[in-house]
Chemist: 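The structure under discussion is supplied below as structure tokens; questions concerning it will follow.
Just so we're on the same page: letters track the sequence lines, and every chain starts at 1. Scope of the values below: all heavy atoms of this structure, side chains included, with no hydrogens, waters or symmetry mates. Model, not experiment: these values are computed from the prediction.
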Amino acid sequence: MYNFKDIEKKWQKYWVDNKTFKVVEDNNKKKFYMLVEFPYPSGSGLHVGHARCFTASDVQARFHRLKGENVLFPFGFDSFGNPAEQYAIKNHEHPSIMTHKCIDVFRNQARSLGLSTDWDREVSTCEPEYYKWTQWQFIKFFNAGLAYKDEKEINWCPKCKMGLSNEDSQGGTCVRCDTPVEKKLKNQWMLRMKDYSDKLIDGLKDTEILDKVKTAQINWIGRSEGAHVIFKIKEVDDELTVFTTRCDTLYGATFMVISPEHPILEKYSNLIKNFDEVKKYQDIAKSKSEIERTDNTREKTGVKLDGLTGINPVNGKEIPIYISDYVLMGYGTGAIMAVPAHDTRDYEFARKFNIDIIPVLDGGDISKEAYTDDGVHINSGFLDGLNKEDALNKMYEYLEDNKIGSRFTNYKLQDWIFSRQRFWGEPIPMVHCDKCGWVPVPEEDLPVVLPNVKNYEPTDDGESPLSLIDEFVNTTCPKCGGHAKRETDTMPNWAGSCWYFLRYMDACNSHEFASMDKMKYWGQVDLYDGGMEHATRHLLYARFWNIFLHEQGLVPYSEPFQRRIAHGMILASNGEKMSKSKGNVVNPNDMIEEYGADALRTYEMFIGDYSKDAAWNENGLKGCAKFLDRVWRLQDKLNDKDGVSSEIETLLHQTIKKVTNDIESLDYNTAVSALMILLNKMEEIGSISRADYRIFIELLNPFAPHITEEINEVCGLGEQLSVSSWPKYDEAKTILDNYEMVVQVNGKIRGKILVSTNASREEMIKLAKEIDNVKLFIDGHDIVKEIVVPGKLVNIVVK
RNA sequence: GCAGGUGUGGCGAAAUUGGCAGACGCGCUAGACUUAGGAUCUAGUGGAUAUUCCAUGGGGGUUCAAGUCCCUUCACCUGCACCA
């Protein structure tokens, strides 16, 4: 085996020492911005999954650089986060110490992979120089009225003593520790992300974000067109507003359901005769975990309000109001009109509580079809006989004319809860003054730096540990100079990653987050590689953030990412997820140690379709190490001939074409296989020219940069590959003079024959019919049809 | 339940988008060289009742021709999930 250890170390040192991949803005060159999601520097080090996407990104970066483009390929660390905080709590040590250690490990690992990164642009979100600007941008949100404080019932993890976003408490348990999530009222900073719902949907149009990622985002935003309908309450001069997407079925609304948390219950608790029962139901609902509550296989439960009755606004009918936990306070208005004939949930509920079921659409199967689109309206007064669309339009009109409702678009997307009661995050740069209210910290006083504390654990009442530090909390109001208190909440983990791609463009700027000139030069991210797990949250937050900055005139583009792809995961050899607990984690360091970085890189590119998950197989890696060793040994086969060898000229051109196209279309696995085919052929012909070898290593360079650079140097094949250019192919030379034509009879292969590439139709048929085995199948039969596909085959159809 | 995805040898996968199914690699078998081989090289490797036939989850269809297009069905994976 060739001496990969020394070779790889040598070139890695060379690249770092010589800043080979340093990039500066250059208006004479086309730019290419390759972004890969930056890692969280955890204590467990780089994962082979990281190695896969970092390598793929590096292949792109090197390829585009060789094509003559000015490539921005930066690297950094998403370095605020819970593991470092947990470590700090245990060891009473500032989390930055641990974080910096981890970053050093990660950086070395990334370097030992041979990434062609411009290390002068490294960013780390936990550095004051970085989060100063995260805070600065938050103040922009505040000044624009998009950051506000609100008393929110939040998801509360009693173990982490921490408020969780909806996203972090999916499934009713804490995303970090799996403790069941409780509800708690908390005054929180919020960002008005919901207002950006339409912009977040519309902005997708001009991007090449992977379709399935777009779909995931659109579903997450959950836009639905419908109407607010106002139901008067019989007993009091008040009303209940519901949201519905099918106001055309209003005549079929035979009851109403409101969420157990609906404020009207408290408001009229004195009028509700069975309030005890209501109260009991509320308590049960509160104690239920989110999972229990949203299990839609569960039998419907509820309580009928005794003392409050709704009035259906289209026919004046009195209808009962129930509370039930299948109606969620967080969606719509927390109240619905129930149309049991055409909604499965309402149907189940009506059956259980013996409520009238009035069909209003003809032909729908009540028990199965919710809101069937078939059939015209019946039992629906002025809507009778109309189809869905016409009925909806007529009802919208009717609602607005009679002031009993209006069109309304509802979204699942909520405003972003931006507060965390934690230590290891960006302090929210706000000061509260009794006189002036919330006042942002002046720009010149940024960053608000995280102080040293003794204990990193949140306080028992759930406040950040920062709240215990008087020197931090007590300050003066920037507006009136009076006594004021600092906000002690910090930002969520997502904040730093909302704009890191901007910082990379101008990473060392100390007076702006990035200069407009540089942002204009680098523009949008040309290719953003990341995992499917970030398809919704991270990408939506980052897009929201960027759209806002654009509206403020602070960044040149509204959409930050031109193209987004999603790579598959690397699984353990048995197809399971790699995890510490299962003990099946493969450490890329060990692999590099044993087989070399080039072998690891090549294998990770060869392992399979880049967009799909792939199971780890060390034998496959061995195979790639063997491949590289054979490439190394080609040195022994060098001859003194000039130019490329005639025996492989066509294959060389074909391979250049194939590898070029495959890298562009992210088909890394077939690019590597094309190189293997070329190697096989080179070995077969016994000796190769220097020109042959040079082309080979040029093509292999993005995948295996160290060995190719070394071969180039020891054989003196030409200038350094890292500053060289990508080989070109001649389309005409990719085509052979002759090819093996397939001859079919009735679609079955009956023979093959070598024919000239420019043989005519007639010649092809003539040659086909001369094959003995073909004769066997056509003699004595009538020829019905002769199909000729030039360059491919002849198919003779006989009867 | 809804949305998206995937089903091809013993395994990872290819297939110029309707034109030779299984490229390339792993593994396996046999051989060569070796004191030795978890090194290297050579040959073979989908199945079978083998001039041919059968094979891309199953069934049907379109076509001269289907892994690819259409209908239908099954299985698995991933999101979201009582969203009105």
Chemist: If the glycosidic angle sits within 90 degrees of zero it is syn, else anti. Tell me which applies to B:G9.
Modeler: syn

Chemist: Any salt bridge linking A:Glu770 with A:Lys766? Criterion: basic side-chain nitrogen under 4.0 Å from a carboxylate oxygen.
Modeler: yes

Chemist: Counting only side-chain nitrogens and oxygens, does A:Lys626 get under 4.0 Å of the OP1 or OP2 atom of B:C26?
Modeler: yes

Chemist: Check the pair A:Asp662 / A:Lys658 against salt bridge (Lys or Arg N to Asp or Glu O under 4.0 Å), numbers first and verdict last.
Modeler: CA-CA 6 Å; A:Asp662 281 354; A:Lys658 173 93 180 135; 3.2 Å; yes

Chemist: What does B:A36 pair with, Watson-Crick or G-U, if both distances are under 3.5 Å?
Modeler: none

Chemist: Return the value, rounded to whole Å, for the distance between atom CD of A:Glu604 and atom P of B:C24.
Modeler: 23 Å

Chemist: For the side chain of A:Tyr326, starting at C-beta, report the closest nucleotide among B:G12, B:C82, B:G19.
Modeler: B:C82

Chemist: Measuring from the side chain of A:Lys785 (C-beta onward, heavy atoms only), which nucleotide among B:C53, B:A3, B:C64 has the closest atom?
Modeler: B:C64

Chemist: Look at the side-chain N and O atoms of A:Arg630 and state whether any lies under 4.0 Å from the OP1 or OP2 oxygen of B:U40.
Modeler: no

Chemist: Got a sec: does the NZ of A:Lys681 have more than 12 other heavy atoms crowding it under 6.0 Å?
Modeler: no

Chemist: Side-chain N or O of A:Arg750 versus OP1/OP2 of B:A65: is the shortest distance under 4.0 Å?
Modeler: no

Chemist: Under 4.0 Å between any heavy atoms, over every strand shown, what does A:Asn680 touch: base, sugar-phosphate, or nothing? Just pick one.
Modeler: sugar-phosphate

Chemist: Examine B:G25: is either OP1 or OP2 under 4.0 Å from a nitrogen or oxygen in the side chain of A:Asn669? Give yes or no.
Modeler: no

Chemist: Regarding B:C26, can its base be found pairing with the side chain of A:Asn619 as donor and acceptor, where the two atoms are less than 3.5 Å apart?
Modeler: no

Chemist: Does a side-chain N or O from A:Asn773 land closer than 4.0 Å to OP1 or OP2 of B:U52, or not?
Modeler: yes

Chemist: Students often get this wrong, so: under 4.0 angstrom with heavy atoms, is A:Asn795 touching a base, only sugar-phosphate, or nothing?
Modeler: base

Chemist: Between atom CD in A:Glu740 and atom P in B:G19, what is the gap in whole Å?
Modeler: 18 Å

Chemist: Classify the nucleic acid contact of A:Asn410 as base, sugar-phosphate or nothing, counting any heavy atom under 4.0 Å across all strands shown.
Modeler: nothing

Chemist: Whole Å only: how far is the CD1 atom of A:Ile218 from the P atom of B:G79?
Modeler: 20 Å

Chemist: Students often get this wrong, so: under 4.0 angstrom with heavy atoms, is A:Arg223 touching a base, only sugar-phosphate, or nothing?
Modeler: nothing

Chemist: Is it true that atom NZ of A:Lys194 has more than 12 heavy atoms of other residues, nucleotides or ligands lying nearer than 6.0 Å?
Modeler: yes

Chemist: In the strands shown, is B:G31 matched to any nucleotide by a Watson-Crick or G-U wobble pair with both distances under 3.5 Å, and which?
Modeler: B:C41

Chemist: For A:Lys577, I'd like to know if atom NZ has over 12 heavy atoms of other residues, nucleotides or ligands within 6.0 Å.
Modeler: no

Chemist: State which of B:A84, B:U52, B:A23 makes the closest approach to the side chain of A:Ile677.
Modeler: B:A23

Chemist: Ignoring the backbone of A:Lys792, work out which of B:U52, B:U16, B:G12 is nearest its side chain.
Modeler: B:U16

Chemist: By the 4.0 Å heavy-atom rule, please label A:Glu533 as base, sugar-phosphate, or nothing.
Modeler: nothing

Chemist: To the nearest Å, give me how far apart NZ (A:Lys612) and P (B:G5) are.
Modeler: 12 Å

Chemist: Could you pick out which residue, A:Phe243 or A:Cys624, lies toward the 5' side of RNA chain B when each is mapped onto its nearest nucleotide?
Modeler: A:Cys624

Chemist: Classify A:Ser224 by what it touches in the nucleic acid, base, sugar-phosphate, or nothing, heavy-atom distance under 4.0 Å.
Modeler: sugar-phosphate

Chemist: Taking the minimum atom-to-atom distance to the side chain of A:Asn219, which one of B:A3, B:A23, B:U52 wins?
Modeler: B:A3

Chemist: Please pick, from B:G38, B:C54, B:U52, the nucleotide with the shortest atom-to-atom distance to any side-chain atom of A:Lys622.
Modeler: B:G38

Chemist: In whole angstrom, what separates A:Leu675's CG from B:A14's P?
Modeler: 16 Å

Chemist: Could you check how far CG of A:Asp629 sits from C1' of B:U40, rounded to whole Å?
Modeler: 9 Å

Chemist: Among B:A84, B:A14, B:C80, find the nucleotide with the atom closest to the side chain of A:Trp220.
Modeler: B:C80

Chemist: What I want to check is whether an N or O donor and acceptor connect the side chain of A:Lys300 with the base of B:C82 at under 3.5 Å.
Modeler: yes

Chemist: Is B:U78 paired to anything, Watson-Crick or G-U wobble with both distances less than 3.5 Å, and if yes, which nucleotide?
Modeler: B:A3

Chemist: Among B:A84, B:A3, B:G19, find the nucleotide with the atom closest to the side chain of A:Ile336.
Modeler: B:A84

Chemist: Classify the side chain of A:Lys752 and the base of B:C20 as holding, or not holding, a donor-acceptor pair under 3.5 Å.
Modeler: yes

Chemist: Give the rounded distance in Å between these two atoms: CD1 of A:Ile230 and P of B:A84.
Modeler: 20 Å

Chemist: At 4.0 Å (heavy atoms only), tell me whether A:Ile607 reaches a base, stays on the sugar-phosphate, or touches nothing.
Modeler: sugar-phosphate

Chemist: Starting at CD1 of A:Ile749 and ending at C1' of B:C20, how long is that distance when rounded to a whole Å?
Modeler: 4 Å

Chemist: Does A:Val742 or A:Tyr610 map to a spot on RNA chain B nearer the 5' end, using the closest nucleotide for each?
Modeler: A:Tyr610

Chemist: Ion pair present between A:Glu37 and A:Arg564, side-chain N to carboxylate O less than 4.0 angstrom?
Modeler: yes

Chemist: Look at A:Arg351 together with A:Glu348 and state whether they make a salt bridge at an N to O cut-off of under 4.0 Å.
Modeler: no

Chemist: Measure from the side-chain heavy atoms of A:Phe606 and tell me the nearest of B:A3, B:G25, B:G19.
Modeler: B:G25

Chemist: Taking the ring centre of each residue, are A:Tyr603 and A:Tyr595 less than 6.0 Å apart?
Modeler: no

Chemist: Classify the glycosidic conformation of B:U17 as syn or anti, calling it syn when the angle lies within 90° of 0.
Modeler: syn

